[in-house]
Every structure is written in C-alpha cells, then in structure tokens.
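Worksheet: the structure to be examined is printed underneath.
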Amino acid sequence: MNIVVKGEDLRGKDKWYFINSGPCSPAYNMALDEALLDWHSEGLIPPVIRFYEWNPATLSIGYFQSVEKEIDMDAIEKLGLGFVRRPTGGRGVLHEHELTYSVIVTESYPDMPATVTEAYRVISEGLLLGFQNLGLDAYFSVPDTEQKREDLKKPKSAVCFDSPSWYELVVEGRKVAGSAQTRQKGVILQHGAILLDLDEDKLIQTFKFSSDELRERVKASLSKKAVAINKISKNPVTIDECKVAFKKGFEDALEIELVEYKLTEEQELYVKDLEAKRYANDEWNFRK
C-alpha cells in the first residue's frame with residue numbers, strides 16, 4: 001500500500017481523497033468506511049469524503065440497537081431489503097432513494113473541535129452548503145428547550161428520523177439528513193443519509209412496535225419531522241446533481257480540494273476480508 005502524504009495546492013487548500021463508490025452491498029459499504037478509517041489512522045491516506053448508494057435497498061441499524069427488540073426481520077425479508085449493523089451509533093435508517101456520505105478525518109485535524117457535538121457541526125457545514133447549492137433554505141436547528149434536550153437522551157423510537165439530535169439539518173422545520181459518528185484510533189468517522197425520496201410505509205414496516213397505535217403515531221409523526229429533497233424542491237433532483245452539490249459543499253465548508261481516488265487491488269482485498277469477517281457476519285449484525 002503506497003503511503004500518501006497530505007498535500008497542499010497553490011491556494012493553500014488541503015487535498016482530501018474523494019471516492020464515489022456508487023451502489024454497493026450493505027456489508028461492503030460498512031467495511032469500506034471502516035477500512036478508510038484504518039488506513040487514515042495509519043497515515044496511509046489523507047482525509048476522505050466518500051459518496052455511495054445501496055444495492056439492495058437496506059435497513060442499517062446503530063451499533064447499540066437491539067435487533068430482537070426493535071427490528072422486524074420477517075418484514076425486511078418480505079420487502080427484499082438488505083440489513084447491516086453500522087459501526088456508528090444512532091437509530092435505524094432505510095437506505096433507498098438517497099445519497100449516502102462518509103467523512104473520515106483525524107481528531108487532531110487543524111481546527112477540528114474536540115467535542116463530538118461541535119465536530120459534527122463543522123463536518124455538517126458541508127451538508128448545509130450542499131442543500132443550499134440545490135436551492136433549499138437549509139439551516140441548523142438546535143434543541144432550544146429543556147424538554148428537547150431531555151428527548152435527546154431518550155429517543156422515542158428506533159427510527160432515525162423520529163429522533164432529535166444536536167445541529168439537526170432542517171428545511172421548513174423538518175429534518176433533511178440523518179447522520180451518525182464514531183471515533184476510533186484517533187479518527188472521526190461520520191456518515192449519513194441525504195434523502196431524495198422517502199417511503200414512509202416501508203420504513204415503518206421494518207420496526208417492531210409495542211402496539212398498532214404507537215406504530216400509527218410514529219408513522220404520522222414522520223411526515224412532520226422528516227422530509228426528502230424531492231418533496232420540497234421545485235424541480236426533481238437526481239443522484240448525480242446531489243453529488244455535484246454536496247461535493248462542492250464539502251470543499252467550500254472545509255476549505256479543501258477533493259481529489260478523486262480509486263482503491264488499489266490490495267486495498268480491495270482488505271475491504272473484502274473485513275466485509276466477510278464482520279459486516280456480512282450474523283454474529284456482528286445480530287449481536288445482543
């Protein structure tokens with residue numbers, strides 16, 4: 001594996017890798033994110049921004065979630081969905097009509113805040129500008145009451161877009177992106193979903209609820225709390241248009257230059273090995 005030293009162009013902007021993976025399997029997607037974290041922690045690659053999609057459409061759950069208590073695996077099989085546990089926290093996300101992003105950068109990167117919340121805000125500035133590049137009036141919303149802050153500690157359901165978070169990206173008062181973060185080996189991995197469209201019925205079917213009444217309540221609340229780009233955009237937005245808008249958003253927000261990168265054969269083998277050992281393994285995905 002070749003060692004790559006972080007470089008600067010004549011404008012003084014740091015060069016990060018940019019990987020556009022396209023549609024990949026659930027296990028491969030998570031394995032590649034973890035592999036990039038490993039390589040960056042070892043100084044083998046510079047910071048990375050990656051865009052990807054999912055084939056098949058997939059329900060991903062957070063590291064700490066309980067499959068037995070929260071997820072209806074029969075529904076996932078019936079709907080033909082993939083399933084994977086993320087290395088990051090957060091709640092369940094249906095990855096279908098979306099662009100997924102990941103950011104891999106050291107905790108010690110210049111001007112990167114030490115706290116999770118503030119680092120999340122800095123990284124998410126790229127998302128904010130991306131939405132604005134698409135002509136959407138996006139902004140950060142923070143919990144402004146004690147009740148909202150308490151709700152952060154006790155999410156109301158296993159569904160990501162039903163749960164509040166700090167520095168939530170919203171348009172017209174509704175959440176437009178769901179993100180999660182982990183820190184390992186001195187490296188931040190933040191990834192998340194940028195929704196183009198959302199099938200609320202399908203999403204709700206994948207979760208267990210203590211009653212039909214609660215299921216209907218969460219379903220009804222989703223449309224009030226979350227919204228997809230094509231529900232609010234004047235013109236339909238494609239995946240390719242999203243990639244252009246958010247790539248520029250990250251470059252401008254982080255003051256970086258993104259350089260396209262393709263994995264070597266050796267790196268691909270590393271990812272495939274990690275995929276088989278962990279993310280395609282029932283022991284990982286169905287852990288208690």
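All values derive from a computational prediction rather than experimental measurement.
Using a 4.5 Å cut-off between side-chain heavy atoms of Ile, Leu, Val, Met, Phe, Trp and Tyr, with links allowed through other members, Val170 and Phe131 fall into different hydrophobic clusters. Note: the hydrophobic cluster containing Ile204 also contains Val67 (ILVMFWY, side chain heavy atoms under 4.5 Å, direct or indirect links). Ile239 and Leu127 fall within a single hydrophobic cluster, where Ile, Leu, Val, Met, Phe, Trp and Tyr are joined by side-chain heavy atoms under 4.5 Å apart, directly or via other members. Note: the hydrophobic cluster containing Phe209 also contains Ile76 (ILVMFWY, side chain heavy atoms under 4.5 Å, direct or indirect links). In the hydrophobic cluster analysis, where Ile, Leu, Val, Met, Phe, Trp and Tyr join through side-chain heavy atoms closer than 4.5 angstrom, Ile194 is grouped apart from Leu129.
In summary, of the residues considered (Asp212, Asp199, Asp201), a salt bridge (Lys or Arg N to Asp or Glu O under 4.0 Å) with Lys219 occurs for Asp201 alone. Among the candidates Trp39, Trp16, Tyr17, the single residue satisfying the ring-ring contact (aromatic ring centres under 6.0 Å, His included) test with Tyr261 is Tyr17.
Within the model, atoms CE of Met30 and CZ of Arg86 stand 7.5 Å from one another, a figure rounded to the nearest 0.5 Å. With rounding to the nearest 0.5 Å, the separation of CG in Asn20 from CD1 in Ile49 is 12.5 Å. Separating the CG atom in Leu189 from the NE2 atom in His40 is a distance of 11.0 Å, to the nearest 0.5 Å. One finds the CG atom of Leu36 at 11.0 Å from the CG atom of Leu44 (value rounded to the nearest 0.5 Å). Taking CZ of Phe246 as the reference point, atom CG of Leu99 lies at 7.5 Å (rounded to 0.5 Å). A distance of 12.5 Å separates CZ in Phe207 from CG in Leu214, rounded to the nearest 0.5 Å.
Side-chain contact between Asp38 and Lys185: present, with at least one pair of heavy atoms (C-beta onward) separated by less than 4.5 Å. Residues Gln267 and Ile45 meet the side-chain proximity criterion, which asks for heavy atoms closer than 4.5 Å. Lys247 is not listed as a side-chain neighbour of Asn133, based on a closest heavy-atom distance of 4.5 Å or more. A heavy-atom distance below 4.5 Å is not found between the side chains of Phe286 and Arg85.
Sequence neighbours left out, not one pair with a member in residues 71-84 passes salt bridge (charged side-chain N to carboxylate O under 4.0 Å, His left out). Sorted by first then second residue, the salt bridge (charged side-chain N to carboxylate O under 4.0 Å, His left out) pairs that include residues 123-135, not counting sequence neighbours, are Arg121-Glu125.
A donor-acceptor pair under 3.5 Å is formed between the side chain of Arg50 and the backbone N or O of Asn29. When atom types are taken as modelled, the side chain of Asn285 and the backbone of Val84 share no donor-acceptor pair closer than 3.5 angstrom. No donor-acceptor pair closer than 3.5 Å links the side chain of Glu118 to the backbone N or O of Thr115. Side chain of Asp273 to main chain of Leu269: no donor-acceptor pair is present (N/O by atom type, distance under 3.5 Å, no hydrogens or angles). Listed for the Arg278 side chain is no donor-acceptor partner under 3.5 Å among the backbone atoms of Trp284.
Classification of Glu213 and Arg217 as a salt-bridged pair holds, one side-chain N sitting under 4.0 Å from a carboxylate O. Salt-bridge formation is detected for the pair Glu70/Arg91: a Lys NZ or Arg NE/NH1/NH2 atom is positioned less than 4.0 Å from an Asp or Glu carboxylate oxygen.
Of all non-hydrogen atoms in Lys202 and Glu96, the two that sit nearest each other are NZ-OE2, 2.8 Å. Between Ser124 and Gln190, the closest heavy-atom pair is OG-NE2, 3.2 Å. Closest of all the heavy-atom pairs between Ser25 and Glu275 is OG-OE2, 3.3 Å. Shown here for Ile188 and Glu107, the closest heavy-atom pair between the two residues is CG1-CG, 3.8 Å. Here the shortest heavy-atom pairing between Ala114 and Arg183 reads O-NH1, 3.1 Å. The minimum heavy-atom distance linking Pro26 with Gly82 is given by the pair CG-CA, 4.2 Å.
Between Phe250 and Tyr101, the ring-plane angle classifies as tilted under the 30° and 60° cut-offs. Using cut-offs of 30° and 60° on the angle between ring planes, the pair Tyr52 and Trp54 is tilted.
Using modelled atom types, one finds a donor on one side chain and an acceptor on the other under 3.5 Å when comparing Glu98 with Thr100. The closest side-chain donor-acceptor pair between Ser41 and Gln184, if any, does not fall under 3.5 angstrom.
The local environment of NZ in Lys243 is crowded, with over 12 non-hydrogen atoms from other residues, nucleotides or ligands closer than 6.0 Å. Residue Tyr63 qualifies as open at atom OH: its count of foreign heavy atoms under 6.0 Å is 12 or below. At most 12 heavy atoms of other shown residues, nucleotides or ligands fall within 6.0 angstrom of atom NZ in Lys231. Around atom CD of Glu255, no more than 12 heavy atoms belonging to other residues, nucleotides or ligands sit under 6.0 Å away.
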Go through Tyr120 and Phe140 one step at a time and tell me if the ring pair (Phe, Tyr, Trp, His ring centres under 6.0 Å) criterion holds.
-> CA-CA 11 Å; Tyr120 175 83; Phe140 285 126; 7.6 Å; no
Are Arg174 and Ile232 close enough, and set up right, to give a side-chain contact (heavy atoms from CB on, under 4.5 Å), and what steps lead you there?
-> CA-CA 10 Å; Arg174 291 183 288 178; Ile232 48 179; 4.0 Å; yes
Test side-chain contact (heavy atoms from CB on, under 4.5 Å) on Leu263 and Leu32 and set out the steps.
-> CA-CA 10 Å; Leu263 268 59; Leu32 179 49; 3.7 Å; yes
What's the verdict on side-chain contact (heavy atoms from CB on, under 4.5 Å) for Leu169 and Leu128, showing C-alpha distance, side-chain angles and the deciding distance?
-> CA-CA 7 Å; Leu169 270 165; Leu128 179 69; 3.5 Å; yes
Show your reasoning for whether side-chain contact (heavy atoms from CB on, under 4.5 Å) applies to Ile229 and Val176.
-> CA-CA 7 Å; Ile229 289 173; Val176 289; 5.7 Å; no
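Remark: Tyr279 engages Glu34 in a side-chain hydrogen bond (donor to acceptor under 3.5 Å, both in side chains) (not counting sequence neighbours).
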